[in-house]
There are 4 protein chains.
Amino acid sequence: MTKKRDDTVRDSIIETSIKQFLAKGFVGTSVIEISRAVGIAKGTVYCHFESKEQILDSILDKYAKEFLDGAIDEVSKCEGDFLTRFKVFFKYTTEFGRDHRELMLVWHTLLGEIIGNSSETERKMKEIQGRYTRFLEGLLEGGKKEGMIGKNIDTLIHARIIIATLTGMLLVWYIESPPTDDENKVYVRAFREAILKGMEMPERHSVKKAIIKQKP
Amino acid sequence: MTKKRDDTVRDSIIETSIKQFLAKGFVGTSVIEISRAVGIAKGTVYCHFESKEQILDSILDKYAKEFLDGAIDEVSKCEGDFLTRFKVFFKYTTEFGRDHRELMLVWHTLLGEIIGNSSETERKMKEIQGRYTRFLEGLLEGGKKEGMIGKNIDTLIHARIIIATLTGMLLVWYIESPPTDDENKVYVRAFREAILKGMEMPERHSVKKAIIKQKP
Amino acid sequence: MTKKRDDTVRDSIIETSIKQFLAKGFVGTSVIEISRAVGIAKGTVYCHFESKEQILDSILDKYAKEFLDGAIDEVSKCEGDFLTRFKVFFKYTTEFGRDHRELMLVWHTLLGEIIGNSSETERKMKEIQGRYTRFLEGLLEGGKKEGMIGKNIDTLIHARIIIATLTGMLLVWYIESPPTDDENKVYVRAFREAILKGMEMPERHSVKKAIIKQKP
Amino acid sequence: MTKKRDDTVRDSIIETSIKQFLAKGFVGTSVIEISRAVGIAKGTVYCHFESKEQILDSILDKYAKEFLDGAIDEVSKCEGDFLTRFKVFFKYTTEFGRDHRELMLVWHTLLGEIIGNSSETERKMKEIQGRYTRFLEGLLEGGKKEGMIGKNIDTLIHARIIIATLTGMLLVWYIESPPTDDENKVYVRAFREAILKGMEMPERHSVKKAIIKQKP
DNA sequence: TATGAATGAGGGTTCATTCAT
DNA sequence: AATGAATGAACCCTCATTCAT
């Protein structure tokens, strides 16, 4: 309601910056490169953002709003049990990653660059990351209550494992050339199953047996 | 006795650069910051390295030599079956990650910054990463032949999944404050079990459905 | 009205650079010295030139355009015989040398510094120098056809001698304190007569022996 | 008598520096380049010279001693009339230029770079140049007394013209590819005749006639 | 005498930011 | 809002010189 005017240029700057930051990092990207890629003058960038750092901030906000809030929204709307909700979460995450490859990746790329800065931006990144972890922890906690994942599972640790896995998945996809759509599906399913197995009720079968008995 | 002279300063520069690159990225770290942290003059850095980029190169070489070659060595020395070898690999990787936190992390930090550069350094990074992937693929291939992991498992894909998972694990550890040693063990075990389950023989239980019958 | 904008600063940089290069050579002059002499910030130089080398390039272009093209123009406009044309050329050259002392001298100063560089700038200098030589050769060739200079005169060699003489004249003027206007005229006349005598028709008197019968 | 010890290295440094200064100028040549070309360590240069500037000084001394003193010597030893002495001078100069191409050229190259410096070295260069001019002036003055060159010839001006011409000759040879030995001889003779004609007794024939009457 | 690691001033260049138009 | 010339700090790197060995 408030911000309504024509934000075409502003959005263009953000969209372009994501691409550039992804390719060359935050420090490695200059304002003039952004402005040229957008097709405006250097000074014009400063009509829309106070500083280069503010562009980064807006990207983080965009990530938090579109990805994180989106995931939370999607999951809250789902009324099923833990497994259903988890699958919704997983589907949302991987599909978002597929459709907003750059936004997801720039997040991880910048993490490495920004964390340790002790800047305001670092604080923001840590806060977003924390919100993500806690949301996932809550989801798992629910699964525990429903008896769908092992009681002795540490939900915080597993939240982290899941994030780690998803993070790593994206990075590897980025380094190696992007997989085909079919490969993509195989990956995603394999990841999901691996994650779920890691948390499943021990009664179903002993991990130990499965692993150790292989040596006849 | 060959070329051995006192490389103290050189090593210092590398060690310090790792820390600085980790904290601020490659572009974000200036040569004068490195020199000050080492306690030498700016010019002295150039007595030991031709350029800032060459420091980075040396770090990558160090990573490749210490971590990758170390892992390959360790595994080749092990004469057991796939599972034993895989555990050796896993142990080596996680322990190396624990003991050389910075070296491992700087690798991943710089990956995000460098990939896309189309620089010589990028080529080097991709080559190292490729060597790692192929090594792991070979390991899994062996497991397949021994009948210890499912015949239908795509070893390349799973090599990538494993790397992704380990990568992500490290990154998350870094973003969140470092876990205690005990947490560490739980993580590592959980990760390893998850990975192995994802690949185990389908006959034993029903992973099969999840992994193999992707296309209904 | 085409691209005309205010090139005051750009021109100032060139004018100042000529003086500085003349005094201290190209390598010996720093960009900050130029900027300070112009009265602008160091960075501003780079708003007008891509690099220090580009300033040099512009000076060469200026030299080629103002001096060389000017000479060619002046001579082509003259419809007289060889002697008339040669005198026009000589007058133009010496007057240009008198009125654009610095531009002429910086050319020669930089020649010594740049030649041997195997840089792009060297190529440019050689090309300009070559154009100058060929133009003069053409002029002499005309004189030969008109029968006003000896048939056996090698026009290329004499073109070079003339250039050498003019070049040396300028350099000596610079090293020794600049001569008065009256001395100037004596110089110029003496030079011109010496040059013309060296090429005149052998029949008239015995230069022939000196020039032609080189091999007894 | 005084300096007797083995100056091989010192001489090597000077010889090498001449080549390097010629190719890249004084400022453009670094001490390490010289040392590498000589095949010694950088520090060793400072065992033989106090500074880079001192190398230049030694080159100038060498030029003054070998070329200038040599010319003066040669001419004083000759007992003939002006024309004979002048020819001796000219022969010596051009042959020295042919045989010590680099030493001669580096002198002219460095002139442009150093003059204007207001350094001690500049003073030295001006002094050498002045000594050269005065020597030549004396030679011409003798010719005047012997009645072999025109009474109204200004010997200082003509000394300058001669130097200028020789200087220019060298530079042009340097810029254009070096002439063959035969071409060389033609040049040299043409130069000498041109110079001598410019100074000859007016009684022999009127310059004016020769030049002006060409237009019938 | 010879070495080469160490120094730090200074060079060319980039770039975020400002501001008059 | 849009522009781009201007700024000056900061960056990477070079180099003359010193000095302990």
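In what follows, every chain begins at residue 1, and chains take the letters A, B, ... in the order their sequences are listed.
The nucleotide whose nearest atom lies closest to any side-chain atom of Thr44(A) is, among dT3(F), dC11(F), dG12(E), dT3(F). For Cys47(A), counting side-chain heavy atoms from C-beta on, the closest listed nucleotide (dA6(F), dA16(E), dA2(F)) is dA2(F). Among the nucleotides dT7(F), dT3(E), dA16(F), the one closest to any side-chain atom of Ala41(D) is dT3(E).
Between the Thr44(B) side chain and the Ile40(B) main chain, no donor and acceptor come within less than 3.5 Å of each other. Judged by distance alone, the side chain of Glu33(D) and the main-chain N or O of Ser30(D) form a donor-acceptor pair under 3.5 Å. Panel note: side chain Thr29(C), backbone Gln20(C); a donor-acceptor pair is recorded below 3.5 Å. At least one donor-acceptor pair under 3.5 Å links the side chain of Ser35(A) to the backbone N or O of Ile32(A).
Rounding to whole angstrom units, CD of residue Glu50(B) and P of dC13(F) are separated by 10 Å. When rounded to the nearest whole Å, the span between CD1 of Ile13(D) and P of dT1(E) equals 11 Å. Ile34(B) has its CD1 atom 17 Å from the C1' atom of dA6(E), to the nearest Å. The distance from atom NZ of Lys24(A) to atom P of dT14(E) is 14 Å, rounded to the nearest whole Å. The nearest whole Å value for the distance from the CD1 atom in Ile32(B) to the P atom in dG8(E) is 10 Å. The CD-C1' distance, from Glu53(A) to dC15(E), rounds to 15 Å in whole Å.
When all heavy atoms of Ile55(B) and Val45(B) are compared, the closest pair comes out as CD1-CG1, 4.0 Å.
Across the interface with DNA chain F, nearest-nucleotide mapping of Lys42(C) and Thr29(D) shows Lys42(C) to be the residue nearer the 5′ end. Ranked by how close their nearest DNA chain E nucleotide is to the 5' end, Ser30(A) and Ser30(C) are led by Ser30(C). Each of Tyr46(B) and Val45(A) was matched to the nucleotide of DNA chain F holding its nearest heavy atom; the match closer to the 5' end belongs to Val45(A).
Of the side-chain N and O atoms in Ser51(A), none sit less than 4.0 angstrom from OP1 or OP2 of dA16(E).
The pair Arg123(B)-Glu120(B) meets the salt-bridge criterion, since a charged nitrogen lies less than 4.0 angstrom from a carboxylate oxygen.
For the pairing with His48(C), the side-chain contact (heavy atoms from CB on, under 4.5 Å) check across Val38(C), Ile14(C), Ile13(C), Asp11(C) returns one residue only, Ile13(C).
Comparing the helix axis at one end of the helix from dA2(E)-dT21(F) to dT21(E)-dA2(F) with that at the other, each defined from 5 consecutive pairs, gives an inter-axis angle of 0° (nearest 10°).
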